[in-house]
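Not measured: the values here are computed from a predicted model.
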Amino acid sequence: MQPLRPRRPDDLWKFIGEHPFHARVVARLQATGFYTIFELGRMQLDWSLITALVERWQPETHTFHLPTGEATITLEDVQVLYGLRVDGRAVTLPQYIRSMMRAQLLDMMMHFTGYRPQGDAGGSRVALSAIRDHMAFLHPDITGEMEDLHIERYTRLVLLLFSGVSCTRTLQGVK
């Protein structure tokens, strides 16, 4: 059996600590509803508790089988714990994006973030370290006088870096 090895966000929180958000970026993040996650910051995880929960997870019923009975995590729990909105329209990947080639995805990333990664991370993957390096390069230039477009693009990069998986969708058979 392999031990549970989740992705460690330590470097994300270290990066954010070294590059605090400008007030205009904070305002954009607040408008998205995700700023509360950044306010919470890095949480100390109880690895023993996580392992115990993984051992009690029943994929057939999507519940945890605990000594006190069955339990599950709901969207309402997420809303209460993290302050994230869970009502409204679902965010899904449109069909036309699923059929895009790597170059098209990178062009779209350039359009929305002002950044197009160089090199090949494989498939449609983008290295998070490349996004982080680009953000570190841009950080000193963020001022109160900067155009709104650049603030929006930087905020999108923050959200990409935070979510991690948003820009690492693998396309089967695409090189």
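Under the rule for a side-chain contact (heavy atoms from CB on, under 4.5 Å), the partners of A130 that lie at least two apart in sequence or sit in another chain are Y115, A127. D46 meets the salt bridge (Lys or Arg N to Asp or Glu O under 4.0 Å) test with no other residue; sequence neighbours excluded. Looking at residues two or more places apart in sequence or on another chain, you find a side chain to side chain donor-acceptor pair (under 3.5 Å) between Q95 and R98.
For the pair M109/L105, no side-chain contact is recorded, criterion being any heavy-atom separation below 4.5 Å from C-beta on. L138 places none of its side-chain heavy atoms less than 4.5 Å from the side chain of M146. Counting heavy atoms from C-beta outward, M100 and M108 have side chains that approach closer than 4.5 Å. Using a 4.5 Å heavy-atom cutoff, the side chains of H65 and W57 are not in contact. Side-chain contact check for L161 versus L157: every heavy-atom pair is 4.5 Å or farther apart. At least one side-chain heavy atom of P117 sits less than 4.5 Å from a side-chain heavy atom of L106. Looking at F21 and I142, their side chains never come closer than 4.5 Å, going by heavy atoms from C-beta outward. Side chains of F34 and V158 form no contact here, defined as non-hydrogen atoms less than 4.5 Å apart.
The distance from the NE2 atom of H150 to the OG1 atom of T143 is 10.0 Å, given to the nearest 0.5 Å. Note that CG of L81 is 8.5 Å distant from CD1 of I73, once rounded to the nearest 0.5 Å. Taken from CZ in R153 to CZ in F112, the straight-line distance is 10.0 Å, to the nearest 0.5 Å. With rounding to the nearest 0.5 Å, the separation of CZ in F162 from CG in L160 is 12.0 Å. From R116, atom CZ reaches atom NE2 of H134 across 13.0 Å, with rounding to the nearest 0.5 Å. Rounding to the nearest 0.5 Å gives a distance of 10.0 Å between CZ of R132 and CD of E18.
Nearest approach of Q104 to S99, heavy atoms of both residues: OE1-O, 4.5 Å.
Between H139 and Y154, the ring planes lie tilted relative to each other; the angle falls in the 30° to 60° range.
At a threshold of 4.5 Å between side-chain heavy atoms, the hydrophobic network of Ile, Leu, Val, Met, Phe, Trp and Tyr places F38 and V78 in one connected group. Cluster membership check: F15 shares its hydrophobic cluster with I37, using side-chain heavy-atom separations under 4.5 Å among Ile, Leu, Val, Met, Phe, Trp and Tyr.
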(request) Kindly determine whether D148 and R24 satisfy side-chain contact (heavy atoms from CB on, under 4.5 Å), including the steps that lead there. (result) CA-CA 9 Å; D148 284 341; R24 291 178 65 200; 2.5 Å; yes

(request) Go through L29 and L159 one step at a time and tell me if the side-chain contact (heavy atoms from CB on, under 4.5 Å) criterion holds. (result) CA-CA 8 Å; L29 288 169; L159 292 171; 3.8 Å; yes

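R28 contributes no side-chain N or O that, together with a main-chain N or O of T155, makes up a donor-acceptor pair within less than 3.5 Å.
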